[in-house]
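Here's the structure, in structure tokens; my notes come after.
Along the sequence shown, the residues carry numbers beginning at 1. In each ligand, atom 1 is the first atom listed, and ligand 1 is the first ligand listed.
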Amino acid sequence: MASDTPADGRPLLLVLFGSTGDLAKRKLYPALFQLHARGLTSKEYAVIGSGRHSPGTDDDFREIVSDAVKGAHGGEAPAGLDEFTARFRFQSSSAEDGEDLARVVRETREGLGADTRTLLYLSVPPASMSGMLGMIGSTGLSDDAVLVMEKPFGEDVASACALNKRLHEIVPEERVFRVDHFLGKEAVRNLLALRLANGWLESVWNREHLAYVQIDVPEEIDIEGRASFMESTGTFRDMIPTHLGQVLGIVALDLPERYGADELREARTALFRKLRPFSPDETVFGQYEGYREEEGVAADSTAETFVALRAWIDDPRWEGVPFLLRTGKAMGVSRQQVTIGLREASRVPGADYAACDRPSEWVFDLTDPPRFGVEAYGKRPGTGFRLVRAPLMLDEGTAFPDDPPLTAYARVFLDALAGDPTWFTGAEEIERLWEVCADVQGEGGVPLPYARGSFGPTAALELAGKRGWRVPEK
Ligand SMILES: NC(=O)C1=CN([C@@H]2O[C@H](COP(=O)(O)OP(=O)(O)OC[C@H]3O[C@@H](n4cnc5c(N)ncnc54)[C@H](OP(=O)(O)O)[C@@H]3O)[C@@H](O)[C@H]2O)C=CC1
Ligand SMILES: O=C1O[C@H](COP(=O)(O)O)[C@@H](O)[C@H](O)[C@H]1O
């Protein structure tokens, strides 16, 4: 396993399907540039962007890439940008027609050298994955290539199983990397590291000491032009069986005896088998006010832009501990936070607990750069014996200035280049997660409206019970 090493000396050809999409522009190009700037890619490499609609000439495409990288650098061109974009070109393709692309790939590989490694990255909507795989197989594009596939993997149990079957017809599992970029986040990996490295933590990581777990990913952004994605996929499928489900897996799994890809996957799969199927009675779908007026959205759309749910794990470690999951667009704040609430100590008469409105909580910020905090209470200096919040915070972004963290997508690329599957998802766990979701999918009916800038419908606030959701700070 060589997760932290740059790609070996072999030349690299990256073919990016969905290269004009939101993900490519906001995350993939900046991430690739981060690796390029740090010398973490192969020395010799080329990128072919693809999609059904050409953005124009290769130079037009390079401008898209260039703008995306500048966008991630405060609008300025970082050093080396031209050298980076010069490696890009565009070739159209679709599920029906991939011959021109296959020819360009062959020519580019010949130019780079016989030992060129080819990485096919599918950043296309879930409904188009299967057709694209058919084309990739029939044109021979998949021969010797590594396939990297975006989430959500399928749209339900049946389509995920069918997609896995189709995938294995064209490439063996060793060459498949199913991305869930939350598993690329330093903070998510750190969650596992903290559990592995701190015996005291693991000894209290259970129902005796923990009262609840909240996995909260509110987003201030609305759909920002991604109408067709939201209309066809919705927030539930976009986020729950994927990112929030995977984070739940890392929080709740039984620690494996070895740190390795198979062991971690098995531990998550075992946990997901114990995850009780989500119940429509404990799930709230919402849609922000004004969503139906967005361009490309149906006037009577029932797509949910928000979901909150309470989940349970049927296992002695977690019996009675609610796992609260929430995410949505156009909400009051942007955060990616795991909050673990500790059981409250009994209160000692005479001390002033007035400021202790919440129990002690461990708070993990999953954003780049990551932060980990303990919300504890201590004595307020001065007269009396008044207890106050005494938060302790480790900011990993500034803690290691010589080695700043890579973005989640830079890690995803780096791991795929190094052939390290440890932080990618497996077929079985994905299929199980869709099973857990089955009773809720399609049961949402008309989602409840919520005001832009709020924290979702009232019914969702009530799911969290008397402690409520930890309100993420601005
Ligand atoms: N945006 C984000 O923040 C994130 C997105 N993702 C995942 O990345 C994938 C892409 O999302 P995103 O970029 O937002 O989507 P967009 O709708 O913004 O872009 C989709 C891209 O795929 C191409 N595409 C669309 N339909 C087809 C088709 N039928 N066949 C081939 N190509 C097609 C589009 O080009 P053209 O129409 O020219 O073919 C476009 O380049 C999705 O699976 C999503 O879940 C994952 C993490 C974050
Ligand atoms: O996969 C997705 O994730 C993003 C949020 O992740 P981030 O860490 O990249 O901000 C979400 O906005 C998007 O809708 C979803 O498709």
Side-chain angles (χ1 to χ4, degrees), residues 15-31 49-56 61 64-65 68 72 90-98 101 120-136 148-155 159 163 178-188 215-247 296 303-307 327-331 334-337 365-370 405 407-412 425:
V15 183
L16 178 57
F17 296 94
S19 62
T20 52
D22 178 74
L23 178 66
K25 290 187 241 179
R26 281 195 312 120
K27 303 283 176 175
L28 302 184
Y29 299 140
S50 195
R52 294 166 305 172
H53 309 97
S54 165
F61 178 51
I64 292 178
V65 177
F90 187 89
Q91 176 58 54
S92 314
S93 70
S94 68
E96 293 73 37
D97 185 5
L101 176 65
L120 308 179
Y121 196 121
L122 278 102
S123 171
V124 297
S128 53
M129 285 284 183
S130 181
M132 293 300 284
L133 285 180
M135 179 276 281
I136 284 170
V148 185
M149 297 176 69
E150 264 303 334
K151 47 60 59 179
F153 191 87
E155 301 173 287
S159 59
L163 202 55
R178 297 177 193 78
V179 177
D180 189 303
H181 77 277
F182 271 48
L183 294 180
K185 288 177 184 280
E186 283 289 357
V188 174
I215 302 174
D216 199 12
V217 185
E219 296 186 284
E220 280 176 289
I221 52 166
D222 57 24
I223 56 166
E224 298 200 316
R226 294 173 76 206
S228 95
F229 181 80
M230 189 55 78
E231 287 285 278
S232 59
T233 303
T235 292
F236 181 82
R237 284 191 291 197
D238 184 26
M239 302 292 283
I240 299 294
T242 56
H243 306 322
L244 279 73
Q246 287 297 334
V247 172
E304 77 287 355
T305 61
F306 170 97
V307 62
T327 183
K329 303 285 185 206
M331 292 180 64
S334 289
R335 272 289 175 281
Q336 301 183 338
Q337 217 161 56
D365 273 338
L366 308 185
T367 34
D368 290 326
T407 64
Y409 270 106
R411 291 235 59 115
V412 165
T425 57

Practice task
Determine, counting only non-hydrogen atoms of the protein, whether one lies under 4.0 angstrom from atom 36 (P) of ligand 1.
Solution key: yes
Problem - Contact partition for Glu150 relative to ligand 1, non-hydrogen atoms under 4.0 Å - result: side chain
Handout entry: ligand 2 atoms in contact with Gln336 (distance to a heavy atom under 4.0 Å)
Key = 6 (O), 7 (P), 8 (O), 10 (O)
Completion exercise
Among Met230, His243, Lys27, Glu219, the residue with a heavy atom nearest to atom 2 (C) of ligand 2 is His243
Completion exercise
Near Phe182 (heavy-atom distance under 4.0 Å), the atoms of ligand 2 are 6 (O), 8 (O)
Handout entry: Where ligand 1 meets His53 - atom numbers and elements under 4.0 angstrom, heavy-atom basis
Key = 36 (P), 37 (O), 38 (O)
Exercise for the section: Report yes if some heavy atom in the side chain of Leu28 is under 4.5 Å from a heavy atom in the side chain of Tyr121; otherwise report no. Expected result: yes
Practice task
Please examine the side chains of Met129 and Leu163, heavy atoms only from C-beta on, and report whether any two atoms are closer than 4.5 Å.
Solution key: yes
Handout entry: ligand 1-proximal atoms of Ser19, by part, heavy-atom distance under 4.0 Å
Key = backbone
Handout entry: Residue and atom name of the nearest protein heavy atom (relative to atom 6 (O) of ligand 2), distance in Å to one decimal
Key = His181 NE2, 3.2 Å
Practice task
Using non-hydrogen atoms of the residue, decide whether Tyr409 is closer than 4.0 angstrom to ligand 2.
Solution key: no
Practice task
Identify the two heavy atoms, one from Val179 and one from Val148, that lie closest to each other, and give their separation to 0.1 Å.
Solution key: CG2-CG1, 3.3 Å
Practice task
Give the ring-plane orientation class for Tyr409 versus His181, where under 30° counts as parallel, over 60° as perpendicular and anything between as tilted.
Solution key: parallel
Practice task
Record the part of Phe153 in heavy-atom contact with ligand 1 below 4.0 Å; permitted values are side chain, backbone, both and neither.
Solution key: neither
Completion exercise
The option among Leu122, Val412, Leu23 carrying the non-hydrogen atom nearest to atom 8 (O) of ligand 1 is Leu23
Practice task
Please identify which atoms of ligand 2 are closer than 4.0 Å to at least one heavy atom of Lys185.
Solution key: 8 (O)
Handout entry: Donor-acceptor contact below 3.5 Å, side chain Thr235 vs main chain Glu304
Key = yes
Handout entry: Close N or O approach (Tyr409, ligand 1; < 3.5 Å)
Key = no
Practice task
Please write down residue, atom name and distance for the protein heavy atom closest to atom 14 (O) of ligand 2.
Solution key: Lys329 NZ, 2.7 Å
Exercise for the section: Report the nearest protein non-hydrogen atom to atom 13 (C) of ligand 2: residue, atom name, distance rounded to 0.1 Å. Expected result: Arg226 NH1, 3.4 Å
Problem - ligand 1 to His181 polar contact by distance, N or O atoms, under 3.5 Å - result: no
Problem - Residue among Arg237, Glu155, Glu150, Lys151 satisfying side chain to side chain contact (heavy atoms under 4.5 Å, CB included) with Pro126 - result: Glu155
Completion exercise
If we number the atoms of ligand 2 from 1 as shown, the ones under 4.0 Å from a heavy atom of Lys151 are 1 (O), 2 (C), 15 (C), 16 (O)
Practice task
Indicate yes or no: at least one non-hydrogen side-chain atom of Met239 is less than 4.5 angstrom from one of Val217.
Solution key: yes
Fill in the blank from the handout: Gln246 and Thr425 have their tightest heavy-atom pair at NE2-CG2, 3.3 Å
Completion exercise
atom 20 (C) of ligand 1 has as its nearest protein heavy atom Pro125 CD, 4.0 Å
Exercise for the section: Report yes if some heavy atom in the side chain of Ile64 is under 4.5 Å from a heavy atom in the side chain of Phe90; otherwise report no. Expected result: no
Practice task
State whether the shortest distance between N or O atoms of Val124 and N or O atoms of ligand 1 falls below 3.5 angstrom.
Solution key: yes
Problem - Nearest atoms (heavy-atom pairs only) where Ser19 meets Tyr29 - result: O-OH, 2.7 Å
Problem - Phe17 to ligand 1, any heavy atom closer than 4.0 Å - result: no
Practice task
For atom 16 (O) of ligand 2, grab the closest protein heavy atom and report residue, atom and distance to one decimal in Å.
Solution key: Asp238 OD1, 2.8 Å
Problem - Atoms in ligand 1 flagged as close to Gly18, the criterion being non-hydrogen separation under 4.0 Å - result: 21 (C), 22 (O), 23 (C), 40 (C), 41 (O)
Exercise for the section: Below 4.0 angstrom from a heavy atom of Ser128, which ligand 1 atoms are there? Numbered from 1 as shown, please. Expected result: 27 (C), 28 (C), 29 (N), 30 (N)
Fill in the blank from the handout: In this structure, atom 31 (C) of ligand 1 is nearest to the protein heavy atom Met132 SD, 3.6 Å
Exercise for the section: Measure the distances from the heavy atoms of Pro152 to every atom of ligand 1 and state whether one is below 4.0 angstrom. Expected result: yes
Handout entry: Polar contact flag for Arg52 and ligand 1 (N/O pairs, less than 3.5 Å)
Key = yes
Handout entry: N or O pair under 3.5 Å between Ser228 and ligand 1
Key = no
Exercise for the section: Search all heavy atoms of Gly18 against all heavy atoms of Val124 and return the closest pair with its distance. Expected result: N-CG1, 3.9 Å
Practice task
State whether the shortest distance between N or O atoms of Gly21 and N or O atoms of ligand 1 falls below 3.5 angstrom.
Solution key: yes
Practice task
Identify the protein heavy atom lying closest to atom 3 (O) of ligand 1, giving its residue, its atom name and the separation to 0.1 Å.
Solution key: Arg26 NH2, 2.6 Å
Completion exercise
ligand 1 to Phe229, heavy atom cutoff 4.0 Å, flagged ligand atoms 42 (C), 44 (C), 45 (O)
Fill in the blank from the handout: shortest atom 15 (O) of ligand 1-to-protein heavy-atom contact is with Asp22 N, 4.4 Å
Practice task
Compare all side-chain heavy atoms of Thr327 with those of Pro218 and state whether any distance is below 4.5 angstrom.
Solution key: no
Practice task
Taking Asp180 for its side chain and Phe182 for its backbone only, find out whether a donor-acceptor pair lies under 3.5 Å.
Solution key: yes
Handout entry: Donor-acceptor pair, side chain of Ser334 and main chain of Glu219, under 3.5 angstrom
Key = no
Handout entry: Side-chain heavy atoms of Leu133 within contact of Met149, under 4.5 Å
Key = yes
Exercise for the section: Please tell me if the side chains of Ile223 and Phe229 come closer than 4.5 Å, counting only heavy atoms from C-beta onward. Expected result: no
Fill in the blank from the handout: A student checking ligand 1 against Arg226 at a 4.0 Å heavy-atom cut-off should list atoms 1 (N), 2 (C), 4 (C), 5 (C), 14 (O)
Practice task
Return a yes/no value for Ser50: is any of its N or O atoms, backbone included, closer than 3.5 angstrom to an N or O of ligand 1?
Solution key: no
Practice task
Check whether any side-chain N or O of Thr233 sits under 3.5 Å from a backbone N or O of Met230 as a donor-acceptor pair, and report yes or no.
Solution key: no
Problem - For Lys151, atoms of ligand 1 separated by under 4.0 Å from a heavy atom - result: 7 (C), 42 (C), 43 (O), 44 (C), 45 (O), 46 (C)
Exercise for the section: Heavy atoms only: give me the nearest Leu101-Ser50 pair and the separation to one decimal. Expected result: CD2-OG, 3.9 Å
Handout entry: Note: Glu220-Lys329 ion pair, threshold 4.0 Å (strictly below)
Key = no
Handout entry: Those atoms of ligand 1 less than 4.0 Å from some heavy atom in Thr20
Key = 35 (O), 40 (C), 41 (O)
Handout entry: Min side-chain heavy-atom separation Leu122-Met132 under 4.5 Å
Key = yes
Completion exercise
Within 4.0 Å of some non-hydrogen atom of Ser123, the atoms of ligand 1 are 8 (O), 9 (C), 10 (C), 21 (C), 22 (O)
